[in-house]
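Written below as structure tokens is the structure these notes are about.
Below, all heavy atoms of this structure are taken into account, side chains as well, without hydrogens, waters or symmetry copies. Letters A, B, ... are given to chains in the order of the sequence lines, protein chains preceding strands, and every chain is numbered from 1.
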2 protein chains.
Amino acid sequence: MDGRKRGTGATTLTDVAQLAGVSLATASKAMNGVSQVRAETRQRVLDAAATLSFTPNPFAKALNSATTGTIGMLTQDLDNRFVLPVLLGAEDAFGAGSTSVLLADARSDSIRERHQLGMLLAKRVDGLLVVGRTTNPRASLTAGLKVPVVYVYAPSDDPADLSFTPDNFDAGRQAVDHLLSRGRRRIAFINGDPSYSAAQDRVAGATSRLAEEGLSLVGGADLFGPWGERWGRRCTESLVESGVQFDALLCGSDQLARGALDQLRESRRSVPDDVAVMGFDNWDLLAEEARPPLTSVEMNLEQLGRSAALELVAAIGGTTARGVRRGAVRVVPRESTGSWLHTDGGGTSADTGTRETGTS
Amino acid sequence: MDGRKRGTGATTLTDVAQLAGVSLATASKAMNGVSQVRAETRQRVLDAAATLSFTPNPFAKALNSATTGTIGMLTQDLDNRFVLPVLLGAEDAFGAGSTSVLLADARSDSIRERHQLGMLLAKRVDGLLVVGRTTNPRASLTAGLKVPVVYVYAPSDDPADLSFTPDNFDAGRQAVDHLLSRGRRRIAFINGDPSYSAAQDRVAGATSRLAEEGLSLVGGADLFGPWGERWGRRCTESLVESGVQFDALLCGSDQLARGALDQLRESRRSVPDDVAVMGFDNWDLLAEEARPPLTSVEMNLEQLGRSAALELVAAIGGTTARGVRRGAVRVVPRESTGSWLHTDGGGTSADTGTRETGTS
DNA sequence: TTGTAAGCGTTATCAG
DNA sequence: CTGATAACGCTTACAA
């Protein structure tokens with residue numbers, strides 16, 4: 001359409017300079033606010049740029065600025081509900097600045113991950129955000145890279161790297177805290193797959209908090225099984241049948257908790273009056289529609305992604321940080337832990353409560 | 001570390017040429033396989049490149065090739081479980097080629113969407129994939145853009161654009177087909193939010209298929225309500241209480257179906273013996289853990305993303321296509337529709353069926 | 001077949 | 001304060 005020899009046809013700084021009646025160099029300075037340019041001149045250039053709706057070519061720019069305004073987000077498994085919020089937070093944080101995000105997914109394949117890494121590097125990203133699939137530590141990729149890398153969700157196994165991961169240990173502690181605050185003392189813990197550090201850390205946190213009260217989990221601390229409602233049901237069933245007394249059921253995930261709730265209903269245990277139930281992850285879809293709505297621990301994944309992004313930007317800027325940062329979590333109370341144990345909410349008496357144990 | 005005046009320190013084509021003992025131009029030709037280069041020379045260059053682990057600077061490349069090897073993925077709402085598979089499919093399809101994906105999320109804000117669009121364009125993407133939040137048609141963004149745009153999930157409201165969206169109408173038809181094949185004839189439909197075209201299309205498809213058999217939905221075709229288990233339960237309850245006879249319950253989503261299953265259990269209706277239940281979306285997490293496991297319609301979102309990506313690549317290549325393409329869907333049978341109506345469990349006769357109705 | 005040189009759009013240096 | 005001019009790394013006529 002355009003008589004030029006080459007070029008994209010987009011308006012260039014030269015066009016702007018021409019319209020503004022200044023030299024290319026001056027136009028550049030005016031646009032970037034650097035160097036001394038008379039206010040009037042700058043305005044003229046800016047106006048010209050606006051009229052032509054000029055957008056600087058980022059490639060020409062990147063060609064001599066050593067930084068490209070792009071970061072790579074390398075996910076291990078995009079098809080994972082936990083990475084979504086992380087992605088969102090990160091994208092948001094970057095977008096607020098002016099860096100944009102190049103996405104690459106490894107599909108849980110380390111060969112493919114290597115390949116994607118190469119591709120991202122070839123695109124000259126300024127930094128890398130590596131988003132894991134679980135909270136289990138993962139192999140570091142940092143060796144030999146000249147760009148900063150930040151790991152999110154799955155921390156790097158190299159302590160010299162910087163990682164962000166949710167604080168599952170504290171999540172366990174806070175959960176117990178919450179249950180204690182509801183007057184529960186006989187807490188059972190149904191857990192997920194033991195190969196997940198999330199499962200291990202959550203129960204460890206819970207145990208630790210209980211120990212401070214001189215308590216321990218009833219029914220044992222090793223009720224591991226597949227994540228999922230089915231195991232939640234089965235495990236709850238055995239627990240009930242075993243005759244172990246418990247007034248709270250802490251479940252390693254909301255899914256497990258859903259199964260537990262179903263089973264408790266069938267066993268005619270009232271929630272929360274007989275048994276308080278809570279989960280982890282605060283997956284609204286499951287938690288809010290549960291009967292009763294499920295108290296859960298929000299892992300603040302979006303915030304985690306945001307923090308990681310911010311820190312990556314900082315690292316690109318030159319700062320160097322290392323170690324594993326554990327993102328804050330918080331309990332979101334709903335009805336499943338809604339009542340103080342043995343109140344006469346429904347109509348019963350009995351104040352066998354042990355509130356005096358409270359430490360604060 | 002390096003005495004150069006500027007530059008990133010990365011090895012350049014000039015380095016390669018030097019090592020190979022040829023001119024810059026020859027090196028370039030050798031690398032790109034164009035023009036006539038003696039095989040031996042090319043090999044020498046390739047070797048040199050390998051030794052230096054040379055990666056061409058994409059910016060320098062883009063600067064004179066009019067195409068950048070990057071597409072923009074503009075999502076309306078990343079925090080949506082339906083976009084994940086689409087993203088995955090698209091990323092995969094692009095990755096297979098050598099285009100990479102720039103991600104931008106609009107957070108359901110049209111102002112922000114405009115902004116992100118601008119940013120993507122400023123980055124000189126070769127094309128745009130616009131991923132919607134629902135399957136409702138959305139405002140076209142194509143006007144005035146010089147890069148091709150393909151819409152996924154939410155189709156564009158401009159028929160001149162190219163859109164990919166799941167075939168909800170056919171999903172409704174196939175669902176009914178499946179239920180009919182199980183001997184069910186009194187089918188009730190519980191639906192989600194009527195403002196979703198998915199809800200409308202699914203029930204329309206179901207109705208259409210039933211009509212072919214001279215049937216219609218029992219309990220009416222307007223049981224719309226909020227997506228979610230709660231509505232599934234409530235709606236099922238009224239249905240049961242209303243005394244309407246039904247041998248199948250088709251639910252507008254797996255979530256609704258989960259609610260329905262719960263309610264049916266409480267109403268002592270056996271699934272699938274008394275009532276077959278099925279949903280849409282085939283959300284494994286819900287469907288597989290349901291009691292019994294839930295038959296559902298798989299919307300093939302990943303494939304949808306892949307197709308859209310492929311078509312975008314084609315469009316960048318110069319082809320022009322328009323209109324709305326509806327992605328194929330398929331029923332995934334599980335136990336909730338597992339039995340032929342009125343068998344007696346183990347393996348009986350009873351051919352009360354109406355198989356002869358089949359049109360083909 | 002290979003090399004020279006002219007861009008691509010910007011920024012940075014250094015004179016005016 | 002402004003303007004030539006030389007990079008940045010690569011592709012591509014055009015010569016040799």
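- The shortest distance between the side-chain N/O atoms of Asn32(A) and the OP1/OP2 oxygens of dT11(C) is below 4.0 Å.
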Evaluate side-chain contact (heavy atoms from CB on, under 4.5 Å) for Thr68(B) paired with Lys61(B), printing each intermediate quantity in order. CA-CA 8 Å; Thr68(B) 69; Lys61(B) 215 162 190 162; over 6 Å; no
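- By the side chain to side chain donor-acceptor pair (under 3.5 Å) test, Gln76(A) pairs with no residue at all, sequence neighbours left out.
- Using a 4.0 Å cut-off between charged nitrogen and carboxylate oxygen, Asp92(A) and Arg112(B) count as a salt-bridge pair.
- In this structure, the CD atom of Gln18(A) is 17 Å from the C1' atom of dT2(D), given to the nearest Å.
- Distance Leu63(A) CG to dC8(D) P: 9 Å, rounded to the nearest Å.
- Each salt bridge (Lys or Arg N to Asp or Glu O under 4.0 Å) pair with one or both residues in residues 148-165 of chain A, not counting sequence neighbours, would appear here, but there are none.
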Under 3.5 Å, sequence neighbours excluded: what are the donor-acceptor pairs made by side chains of residues 77-90 of chain B?
{"unit_1": "Asp77(B)", "atom_1": "OD1", "unit_2": "Asp79(B)", "atom_2": "N", "d": "3.1"}
{"unit_1": "Asn80(B)", "atom_1": "OD1", "unit_2": "Phe82(B)", "atom_2": "N", "d": "2.7"}
{"unit_1": "Asn80(B)", "atom_1": "ND2", "unit_2": "Arg133(B)", "atom_2": "O", "d": "2.9"}

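- As rounded to whole Å, 14 Å separates atom P of dT11(D) from atom CZ of Phe59(A).
- Look at Arg325(A) and Glu311(A) and you find a salt bridge, because one of the NZ, NE, NH1 or NH2 atoms lies within 4.0 Å of a carboxylate O, short of that distance.
- Atom NZ of Lys61(B) is separated from atom P of dC10(D) by 8 Å (rounded to the nearest Å).
- Under the rule for a ring pair (Phe, Tyr, Trp, His ring centres under 6.0 Å), Tyr151(A) has no partner lying at least two apart in sequence or in another chain.
- Inter-axis angle, ends of the helix from dT1(C)-dA16(D) to dG16(C)-dC1(D), five pairs per end, rounded to 10 degrees: 40°.
- Note: CE (Met31(A)) to C1' (dG9(C)) measures 13 Å, nearest angstrom.
- With hydrogens and angles left out, the side chain of Asn64(A) and the base of dT10(C) share a donor-acceptor pair within 3.5 Å.
- Using a 4.0 Å cut-off between charged side-chain N and carboxylate O, Arg306(A) and Glu91(A) make no salt bridge.
- Distance Leu13(A) CG to dG7(C) C1': 17 Å, rounded to the nearest Å.
- The shortest non-hydrogen separation linking Pro166(B) to Thr135(B) is CG-CG2, 3.8 Å.
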Show me the protein contacts with nucleotides 2-5 of chain C, counting only N or O atoms at under 3.5 Å.
{"unit_1": "dT2(C)", "atom_1": "OP1", "unit_2": "Arg38(B)", "atom_2": "NE", "d": "3.4"}
{"unit_1": "dT2(C)", "atom_1": "OP1", "unit_2": "Arg38(B)", "atom_2": "NH2", "d": "3.1"}
{"unit_1": "dT2(C)", "atom_1": "OP1", "unit_2": "Thr41(B)", "atom_2": "OG1", "d": "2.4"}
{"unit_1": "dT2(C)", "atom_1": "OP2", "unit_2": "Arg38(B)", "atom_2": "N", "d": "2.8"}
{"unit_1": "dT2(C)", "atom_1": "OP2", "unit_2": "Thr41(B)", "atom_2": "OG1", "d": "3.3"}
{"unit_1": "dG3(C)", "atom_1": "OP2", "unit_2": "Ser23(B)", "atom_2": "N", "d": "2.9"}
{"unit_1": "dG3(C)", "atom_1": "OP2", "unit_2": "Ser23(B)", "atom_2": "OG", "d": "3.4"}
{"unit_1": "dG3(C)", "atom_1": "OP2", "unit_2": "Thr26(B)", "atom_2": "OG1", "d": "2.8"}
{"unit_1": "dG3(C)", "atom_1": "N7", "unit_2": "Lys29(B)", "atom_2": "NZ", "d": "3.4"}
{"unit_1": "dG3(C)", "atom_1": "O6", "unit_2": "Lys29(B)", "atom_2": "NZ", "d": "2.6"}

